[in-house]
Amino acid sequence: MPPQTRHCSRATSSGGQQSMRKANPCAWLRAPAVAPLPRPFPSAAPAARWPSGIVGRFTSAASGADAAASSSKSPASPSSNNRHHLHPKSPVLATTDAGPSQLHPHGGLQRSEASGGVPLPAPRQAATATPTTASASLGPSEYATTPAAQSVGSGSAWRQPQLSQRHSAQHPSDTDAIAAAAAGGSCSRRTAALALAAAAAAAAPAAAAAAAAVVDSGGGGSRFTAQATSPAGQQGGAGAGAGGGGGEEEAARLPRRRTWPPVPLVPLARGLRVSKIMRGCWQLSGRHKGDPLTDRTSGGEAVSDLAGFHQAGITSLELADNYGPAELMAGQYLRLYPHQAPATTIATKLSYLSEEEMSGASRTMVEYAIRRSLVRLGRQRLDLVQLQWAEPVRHRRWLDVLKWLADLREEGLIGHLGVCNFAVPQLATAVDAGVGLVSNQVQFSLIDRRPQLFMQKAAASYGIKLLAYGTVAGGLLADKYYGAPASKVRLDTASKQKYGLVVRQAGEDPGGHGGSGGGGGGGGWSWMQEVLEAARTVGQRHGVSASTVATAWVLHQPQVAAAIVGARNARHIRDMQASCALHLDEVDLLDLDAVWEGVPNPPTSDVYIWERGGDW
């Protein structure tokens, strides 16, 4: 048996084989399989799969040999009949030449019963398209493709049935010529290939125009872009999201998505630069799950989000040894993304929050805590260590702890020292002790402006920078809470619970007549609505969100080097980038300050005095 027949189907019974040999001794050798073989390559393969040299060899061989072969074939000459039956995977056109043939509507030549061959069932047709004769492809089965057709033009007409239909309607002459040739039985391989190649070349401009229209209208691109939750991001991304199905007019009417530069680096001290927005990692402590649909505060999702923040320019992480697994997760991120680790700045806190911890502080325990953080993070040195002391007035051993930390800095375990929530008297004591502080982390936002009373001037005189946290009040300073009733606000994270108390304290009239009662914001929720309205008004001028305006306002304050912004997922990256690039003019600042002038219960004490049981 010739080797060419190894892939052909044959009758399984001896009677079937004998009947086929009587009708046509060579027909059973050339008959394709009833069930199509698996596709050796996708049907929409690019034109580059078909070398241009195939067309030249095909046309030169077909010019002289086809006519002779078609006229001199006989059932008794199997060698001449099988000359054109190629391997199914061969890119060269494969046909059967004994007798008249006809084009199948979905591609492939069907054997005519009049020629004595075996009639073949039609291949499966796609349910989403109605192919025409112009879109047919020649070959022994439904996956065979014409090399000449794919070598001319873009080849899109052979993979896009709708383009073939459009071409058939506009150029009926090509289709009629192919159909007439097939009906007359004179459809040689060369004739069909050249006709189909001409059809593909004529349909190429239409395919290019359709592709350009899809690109111009924005279709197909919005599924790969992050969806912003703020009005600023929605305003910028509406063009990409709605352009795919609304046509060119709608896409032209909608604004384009704004692009913000990466978050820049700012100097905090000599030899220490941090990103202007620092990623707050309190959200990784396990107390900020919130909505499970948007929660990415644990596991691999949180680690991968840290890499996304780094790519956006947010290269500084603000951690603490009491933030649960936050340091461990940050260390896992640094190990999984070693190319980002050298540019990542680690600022962690050494926390003493209980009576037992504050009273039992010792140098050994301090060094143990620092080395534990180094092991968790996989670092040789901590860039910035901030001391967090719950009661600096009643327990004064915090100064000894700062001196021990200064000794570890000399040993190379610590790069720089800072404090967290220290009021002006404690800050002055630490400066007089000569421990070399570079920063003080304080709560600072549109609803909590206590640092403006005393801390800003004191920090400027001591040469200490401020790291502001709580700039968006745990997410309450957001557009989605504007107009929301207090009873509908859910304080479902530790941050919202913390800053909900601040809203209630600042917005309540000391006489008991402030705001609407109950719910998420307590008695100060009506004043919170005024703050949100002012932030939204400023944001609409610049095309950004209320949370972007709130963070940008903090960054405009004197002595503020960076803002610590926590995030439960990476959907807020664009707002963080926008807050660094946004410039607030005098009108914007006046509008935001006017709301504070009408605060029902303005504070009179220094930072974090009220949280320690003192006056507001």
Side-chain angles (χ1 to χ4, degrees), residues 263 266 268 274-285 287-288 297 309 314-324 326-327 330 345-351 353 383-390 418-423 426-427 437-453 455-456 459 464-478 493-503 505-506 547-568 572 575-576 579-580 603 606-612:
V263 175
V266 294
L268 185 62
V274 298
S275 55
K276 202 170 185 179
I277 297 291
M278 303 177 67
R279 168 66 193 272
C281 295
W282 189 25
Q283 278 68 21
L284 307 182
S285 63
R287 302 172 58 193
H288 295 77
T297 61
F309 280 93
I314 306 173
T315 59
S316 299
L317 303 181
E318 199 278 327
L319 304 160
D321 59 354
N322 66 326
Y323 281 178
E327 287 187 340
T345 304
I346 299 296
T348 189
K349 289 195 290 288
L350 182 62
S351 303
L353 304 180
D383 300 311
L384 176 64
V385 174
Q386 306 164 93
L387 176 62
Q388 184 179 17
W389 196 270
V419 291
C420 178
N421 292 327
F422 271 40
Q426 293 80 37
L427 191 64
L437 299 180
V438 300
S439 65
N440 184 18
Q441 185 180 148
V442 296
Q443 184 172 299
F444 206 172
S445 67
L446 287 173
I447 62 173
D448 186 3
R449 305 192 183 191
R450 287 176 290 176
Q452 290 181 336
L453 299 177
M455 182 54 65
Q456 281 183 331
I464 294 176
K465 297 292 186 179
L466 299 181
L467 300 178
Y469 70 91
T471 56
V472 293
L476 294 177
L477 284 171
T493 65
S495 296
K496 291 180 181 178
Q497 296 169 8
K498 171 184 174 63
Y499 299 108
L501 295 176
V502 176
V503 172
Q505 180 66 25
S547 58
T548 299
V549 173
T551 305
W553 178 86
V554 175
L555 292 175
H556 277 71
Q557 301 306 308
Q559 291 302 118
V560 174
I564 301 172
V565 183
R568 297 172 55 251
H572 307 285
D575 287 342
M576 296 180 185
S579 62
C580 296
D606 202 356
V607 296
Y608 222 73
I609 299 297
W610 172 68
E611 287 82 355
R612 295 187 175 108

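Every value quoted in this text rests on a predicted model; they were computed, and no experiment measured them.
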*Asks:* Is the distance from the ring center of Tyr608 to that of Trp389 below 6.0 Å?
*Replies:* no
*Asks:* Determine whether Gln388 and Leu353 make a side-chain contact, defined as any pair of heavy atoms from C-beta on separated by less than 4.5 Å.
*Replies:* yes
*Asks:* Can you give me the closest heavy-atom contact between Thr297 and Leu284, atom names plus distance?
*Replies:* O-CD2, 3.7 Å
*Asks:* Quick one: are Asp321 and Leu350 in side-chain contact, heavy atoms under 4.5 Å?
*Replies:* yes
*Asks:* Using 0.5 Å steps for rounding, measure from the CD1 atom of Ile314 to the OG1 atom of Thr345.
*Replies:* 13.0 Å
*Asks:* Are any of the side-chain heavy atoms of Leu453 and Asp606 separated by less than 4.5 Å?
*Replies:* no
*Asks:* Begin from the C-alpha positions of Leu476 and Ile447 and carry the test side-chain contact (heavy atoms from CB on, under 4.5 Å) through to its verdict.
*Replies:* CA-CA 10 Å; Leu476 294 177; Ile447 62 173; over 6 Å; no
*Asks:* Does either side chain, that of Gln441 or that of Glu318, offer a donor lying less than 3.5 Å from an acceptor on the other one?
*Replies:* yes
*Asks:* So which atom in Pro451 and which in Val442 form the shortest heavy-atom distance, rounded to 0.1 Å?
*Replies:* CG-CG2, 4.1 Å
*Asks:* Could you give the distance from OG1 (Thr551) to CZ (Phe444), rounded to the nearest 0.5 Å?
*Replies:* 12.5 Å
*Asks:* Is there a side-chain contact (heavy atoms from CB on, under 4.5 Å) between Gln557 and Arg449 once you walk through the steps?
*Replies:* CA-CA 10 Å; Gln557 301 306 308; Arg449 305 192 183 191; over 6 Å; no
*Asks:* If I take atom CG from residue Leu477 and atom OG1 from residue Thr548, how far apart are they, to the nearest 0.5 angstrom?
*Replies:* 11.5 Å
*Asks:* Between Thr348 and Gln386, is any side-chain donor less than 3.5 angstrom from a side-chain acceptor?
*Replies:* no
*Asks:* Which pair of non-hydrogen atoms, one from Ala567 and one from Arg279, has the smallest distance, and what is that distance?
*Replies:* O-NH2, 2.9 Å
*Asks:* Would you give the length of the straight line joining atom CG of Asp448 to atom CD of Gln505, rounded to the nearest 0.5 angstrom?
*Replies:* 10.5 Å
*Asks:* Check this for me, if you would: do Arg450 and Glu611 make a salt bridge, where the nitrogen-to-carboxylate-oxygen distance has to be below 4.0 angstrom?
*Replies:* yes
*Asks:* Given the rule in the side-chain contact (heavy atoms from CB on, under 4.5 Å) test, do Val560 and Leu467 qualify, once you have shown the distances and angles that lead to the verdict?
*Replies:* CA-CA 6 Å; Val560 174; Leu467 300 178; over 6 Å; no
*Asks:* Going through the checks in order, is the side-chain contact (heavy atoms from CB on, under 4.5 Å) test met by Leu427 and Val419?
*Replies:* CA-CA 8 Å; Leu427 191 64; Val419 291; 4.1 Å; yes
*Asks:* Supply the atom-to-atom distance Ile464 CD1 to Leu268 CG, rounded to the nearest 0.5 angstrom.
*Replies:* 10.5 Å
*Asks:* Are any non-hydrogen side-chain atoms of His572 and Val472 less than 4.5 angstrom apart?
*Replies:* no
*Asks:* How close do Val502 and Trp610 get, heavy atom to heavy atom, and via which atoms?
*Replies:* CG2-CZ3, 4.2 Å
*Asks:* Can you find a pair of side-chain heavy atoms, one from Leu319 and one from Ile346, that are under 4.5 Å apart?
*Replies:* yes
*Asks:* Is any side-chain heavy atom of Leu555 closer than 4.5 Å to a side-chain heavy atom of Ile277?
*Replies:* yes
*Asks:* Please name the pair of heavy atoms, one in Ala347 and one in Met278, separated by the smallest distance, quoted to 0.1 Å.
*Replies:* CB-CE, 3.9 Å
*Asks:* What's the separation between atom CD in Gln559 and atom OG in Ser439, rounded to the nearest 0.5 Å?
*Replies:* 12.0 Å
*Asks:* What heavy-atom pair brings Ser445 and Val554 nearest, and what distance separates the two atoms?
*Replies:* CA-CG2, 4.0 Å
